[in-house]
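Read the structure below first, then the notes.
Only a predicted model underlies this, so the values are computations on that prediction, with no experimental measurement involved. Atoms considered below: every heavy atom in the structure, side chains included; atoms not considered: hydrogens, waters and symmetry mates. Each chain gets a letter, A, B and so on, in the order its sequence line appears, and its residues count up from 1.
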Number of protein chains: 2
Amino acid sequence: MTEPSGRRERKKAATRQKIADTALRLFLERGYDAVGIRDVAAEADVAVTTVFAHFASKEALVFERDQDFEQRLTRAVTDRPPHEPLIPALHREVQALVEHCTAEGSAPVRRMIEGSPALREYEESMSLRHAQALAAALAADPHLSRSATACGATARFTIDAYAMACRADDPRATVDEIFQMIEAAWEATAP
Amino acid sequence: MTEPSGRRERKKAATRQKIADTALRLFLERGYDAVGIRDVAAEADVAVTTVFAHFASKEALVFERDQDFEQRLTRAVTDRPPHEPLIPALHREVQALVEHCTAEGSAPVRRMIEGSPALREYEESMSLRHAQALAAALAADPHLSRSATACGATARFTIDAYAMACRADDPRATVDEIFQMIEAAWEATAP
DNA sequence: GAAATTAACCGTAACCGTTAGGGTTTCACA
DNA sequence: TGTGAAACCCTAACGGTTACGGTTAATTTC
């Protein structure tokens, strides 16, 4: 994304990446619960305090790239061509995000998440933050003129669609079906 | 609700209640983060292990009565008169639940929950469980014949409505507005 | 280019929620 | 009345997390 110029920033980013990579590797090798923070730190050759300087919690090590997620959702709203209807834009973006998270390579990570209550809970609370960011983006769109409640509800419904589709047998069909519902719900709030 | 006959069960229930009452009192007096499990145990005059024999976690001490919540929602579906339409029944029940949680006496507790990330996260993951129970109840209703996806989405939307309304300025109006959306979403799934 | 500042990182020790282990009391029921 | 189980107790530990004080290396300032 952004290539930092200074050596300091580069080293910091490298440390962060090394920690994240090491953690994910160990988690997949031995299981999330069987790997302690002290193990991750030792294997990545950093101090425990350094791990927590880069990641807010053990769970955050698994969801390293969640900022991307939030940005992609909000940008699907803010960067869409003017007068393009909202719901299809959201629909398309959620479809893409779900594809990404149900891709071949993501299966072991998904299994790990589903197997750990702590990780599921963390993911859920991440989703809530994403919904709030999306709600703010909707409320800020001058073309939409809907109530804050309608924006908030639509944002949560959208996140619900993503969360359910990631766990569904047929993710694509699930997204499509729920977005039919969201479309209807959104229309029902037209001024 | 259920009055246990045996002395043992009565004593157990009394212990549980004493722990919950003591915990809530201390939390409100000194703040959730400022009170440790060891404090609660000492003040309730029980061992730390006894606290965890009755409550799965520190957060669970605050949400003592969440089983009621789940049962009320699912019963609003299963116990409604035959052929009564689903959404109004849900709407009514959510309205009642929101009223309960935004009542005068609940304000300090609500403030405490909103002030603690751990409690917010816990509440959110509770909600997810409730949504799953509700989804199961919807899927099991013989009159509804909707897809599992539609039932799951409707359940999550309903929980979303509750969660948003509890934090809204005008809870009643929020519930009403979101249920207009849910009604439309539900109709869009008619076979 | 030396000096001062700052930011990343280090190691240790502790805090706190939570659990394991193993023991004692009290109730229920045959 | 004796026996099994359930509730409870205490202690010690584990694992995520943070406070603290110190070291090094990059950046900025003069």
Q: Tell me what B:Val35 touches on the nucleic acid: a base, only sugar-phosphate, or nothing, going by heavy atoms under 4.0 Å.
A: sugar-phosphate

Q. Is A:Arg80 salt-bridged to A:Glu93, going by a charged N under 4.0 Å from an acidic O?
A. no

Q: Answer with base, sugar-phosphate or nothing: what part of the nucleic acid does A:Asp45 contact at a heavy-atom distance below 4.0 Å?
A: sugar-phosphate

Q) Hey, is B:Glu123 close enough to B:Arg110 for a salt bridge, meaning N to O under 4.0 Å? A) yes

Q | Minimum-distance nucleotide to A:Lys11 side chain [options: D:dA26, C:dT18, D:dT11] | A | D:dA26

Q.
For C:dC9, does the base pair up with any side-chain atom of A:Thr15 as donor and acceptor (N or O, under 3.5 Å, distance only)?
A. no

(Q) What contact category does A:Thr50 fall into here, base, sugar-phosphate, or nothing, at under 4.0 angstrom with non-hydrogen atoms? (A) sugar-phosphate

**Q.** Charged tip of B:Lys58 within 45° of B:Tyr32 ring normal and under 6.0 Å
**A.** yes

Q: Classify the nucleic acid contact of B:Val46 as base, sugar-phosphate or nothing, counting any heavy atom under 4.0 Å across all strands shown.
A: sugar-phosphate

Q) Using a cut-off of less than 4.0 Å, is there contact between a side-chain N or O of A:His54 and OP1 or OP2 of C:dA8? A) no

Q) Is the centre of the A:Tyr162 ring less than 6.0 Å from the centre of the A:Phe69 ring? A) yes

Q) Touch check for B:Arg8, heavy atoms < 4.0 angstrom, all strands: base, sugar-phosphate only, or nothing? A) base

